[in-house]
Amino acid sequence: MRKKIVAGNWKMNKNLAETGELIAEIKRSFNNPSKANIIIAPTFTNLYYAFEEFKGLEITVAAQNMHHAENGAFTGEISADMLKSIGIETVILGHSERRAYFGENDEVLAKKVNTALKHDMTIIFCFGEELQDRKGEHHFSVVENQLKNGLFHIDANQWSNVVLAYEPVWAIGTGETASPEQAQEMHAFIRSAIAKAYNDSIADEVSILYGGSVKPTNAEEIFAKPDVDGGLIGGAALDAESFEAIASAI
């Protein structure tokens with residue numbers, strides 16, 4: 001049975017004191033076990049602090065990114081081994097902001113995927129089309145190519161370490177709105193692409209999260225779709241009450 005997952009990506013928000021405050025609020029909000037697996041991704045400087053604070057709770061702490069090299073002259077970068085050394089075993093790769101602002105392409109992401117899997121890390125692999133792709137009706141081919149180039153080289157047995165996160169970039173901060181039906185349509189297409197490249201079993205087992213501006217007001221309707229297994233949450237994850245409400249919608 002597929003895992004239900006709600007992951008909060010804090011992006012470049014919250015200093016150490018603010019991180020402590022939000023973690024305390026999350027602990028109070030999530031005092032009852034959630035039906036979903038909960039993942040929190042703070043900024044690099046607060047990863048170990050968050051890991052220590054969430055010890056003993058059913059909340060996973062993830063990194064927002066990592067470099068593909070094992071070590072070397074890559075100023076400002078973080079390796080898989082560094083993350084593992086502080087207890088972090090989950091990493092977000094290919095987020096739309098990394099692709100757009102930092103030039104991460106499919107080739108780079110394939111290398112990052114290989115390194116993460118080599119270190120037995122769980123990957124939340126992000127992908128999705130932009131507005132011009134959707135308006136030009138190229139959205140299915142764009143998504144399939146992102147999966148094929150960045151992920152479809154891995155072995156079948158490695159899919160147990162992969163979670164997918166579909167981000168309709170065209171519906172984030174553009175004034176456009178993605179409907180739950182559009183989310184379901186794309187998630188179903190993603191499963192069919194995996195089944196075609198691998199097999200039905202892998203396609204049925206992989207969790208596919210929706211990353212298109214999920215809020216407490218729309219979470220239940222989106223999560224009710226059969227191929228939507230949870231969400232990768234941005235802004236709403238910075239408020240403990242909103243994040244808990246979204247997790248409770250699973």
Side-chain angles (χ1 to χ4, degrees), residues 5 7-20 23 39-55 59-128 130 142-167 169 197-198 206-207 209 211 232 234 237:
I5 299 169
N9 178 18
W10 292 4
K11 307 186 181 184
M12 197 177 72
N13 294 293
K14 304 295 182 184
N15 61 28
L16 183 59
E18 293 165 342
T19 294
I23 286 174
I39 299 174
I40 300 293
T43 188
F44 276 130
T45 57
N46 299 325
L47 274 176
Y48 184 63
Y49 173 77
F51 174 77
E52 288 291 311
E53 286 294 306
F54 282 126
K55 265 186 179 177
I59 294 178
T60 298
V61 178
Q64 297 177 17
N65 184 37
M66 57 161 246
H67 198 272
H68 62 80
E70 296 289 348
N71 50 58
F74 301 102
T75 300
E77 292 292 333
I78 304 294
S79 72
D81 182 62
M82 292 173 181
L83 294 174
K84 294 273 288 192
S85 73
I86 59 169
I88 306 302
E89 299 187 346
T90 302
V91 61
I92 299 171
L93 296 178
H95 191 278
S96 59
E97 291 159 3
R98 297 296 311 178
R99 293 175 185 262
Y101 304 147
F102 302 99
E104 294 192 2
N105 57 28
D106 294 341
E107 182 181 358
V108 168
L109 291 171
K111 291 178 181 178
K112 291 189 176 192
V113 165
N114 291 344
T115 301
L117 292 175
K118 176 183 174 182
H119 286 265
D120 197 30
M121 298 184 76
T122 295
I123 298 165
I124 301 175
F125 186 83
C126 304
F127 55 95
E130 297 188 14
V142 167
V143 163
E144 187 169 21
N145 283 334
Q146 287 176 333
L147 290 170
K148 186 183 299 181
N149 297 334
L151 199 59
F152 279 5
H153 63 281
I154 70 174
D155 293 336
N157 61 4
Q158 293 177 306
W159 274 89
S160 59
N161 282 52
V162 175
V163 173
L164 300 179
Y166 165 61
E167 297 183 286
V169 183
Y198 290 88
V206 66
S207 297
L209 312 184
L232 178 61

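Only a predicted model underlies this, so the values are computations on that prediction, with no experimental measurement involved.
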- Query: What distance separates Phe125 CZ from Leu147 CG, expressed to the nearest 0.5 Å?
  - Reply: 6.5 Å
- Item | Donor-acceptor contact present, side-chain Thr90 to main-chain Ala62, <3.5 Å | no
- NZ-CG distance between Lys118 and Asp81, expressed to the nearest 0.5 angstrom: 10.0 Å
- Any donor-acceptor pair under 3.5 Å from Glu18 side chain to Asn15 backbone: yes
- For atom CG of Asn114, decide whether the heavy atoms of other residues, nucleotides or ligands shown that lie under 6.0 angstrom number more than 12. yes
- Aromatic rings Trp159 and Tyr198: how do their planes relate, parallel, tilted or perpendicular, breaks at 30° and 60°? perpendicular
- Task: Would you confirm whether Lys112, through its side chain, and Leu93, through its main-chain N or O, come within 3.5 Å as a donor-acceptor pair?
- Result: no
- Task: Kindly compute the distance separating CD1 (Ile92) from CD1 (Ile124), expressed to the nearest 0.5 Å.
- Result: 5.0 Å
- Query: Are the side chains of Tyr49 and Ile23 in touch, meaning some heavy atoms are under 4.5 Å apart?
  - Reply: yes
- Message: Holding to side-chain hydrogen bond (donor to acceptor under 3.5 Å, both in side chains), I want the full list of residues that pass it with His119, two or more places apart in sequence or in another chain.
- Response: Glu70
- Item | Under 3.5 Å donor-acceptor, Asn105 side chain and Val108 backbone | yes
- Item | Heavy-atom closest pair, residues Ala63 and Leu47 | CB-CD1, 4.0 Å
- Should the pair Asp106-Arg99 be classified as a salt bridge under the 4.0 Å nitrogen-to-oxygen rule? yes
- Item | Shortest non-hydrogen contact between Tyr166 and Val143, atoms and distance | CE1-CG2, 4.2 Å
- Item | Shortest non-hydrogen contact from Asp120 toward Lys84 | O-NZ, 4.1 Å
- Message: Can a donor-acceptor pair be found, under 3.5 Å and without considering hydrogens, that links the side chain of Asn149 to the backbone of Asn145?
- Response: yes
- Message: Closer than 4.0 angstrom, basic N to acidic O: yes or no for Glu104 and Arg98?
- Response: yes
- Task: Would you tell me whether His95 and Glu167 have side-chain atoms, one donor and one acceptor, within less than 3.5 Å of each other?
- Result: yes
- Note on the structure: Cys126 and Leu232 have their tightest heavy-atom pair at SG-CD2, 3.7 Å
- Hey, is the main chain of Gln64 close enough, under 3.5 Å, to the side chain of Asn9 for a donor-acceptor pair? no
- From Ser207 OG over to Ile5 CD1, what is the distance, rounded to the nearest 0.5 angstrom? 4.0 Å
- Task: First locate atom CG of Leu109, then atom NE2 of His68, and finally report the distance between them rounded to the nearest 0.5 Å.
- Result: 10.0 Å
- Item | For the student: nearest non-hydrogen atoms of Thr43 and Lys14, plus distance | CG2-O, 4.1 Å
- Item | Ala69 to Phe74 - nearest heavy-atom pair and separation | CB-CE1, 3.5 Å
- Query: Which distance, rounded to the nearest 0.5 Å, do you find between the CD1 of Ile78 and the CD1 of Ile88?
  - Reply: 11.5 Å
- Message: Test your reading of the model: is there a side-chain donor-acceptor pair from Asn46 to the backbone of Thr19, 3.5 Å cut-off?
- Response: no
- Is Phe44 atom CZ crowded by more than 12 heavy atoms from other residues, nucleotides or ligands, each under 6.0 Å away? yes
- If only atom types and distance count, is the side chain of Gln158 paired as donor or acceptor with the main-chain N or O of Asp155 below 3.5 Å? yes
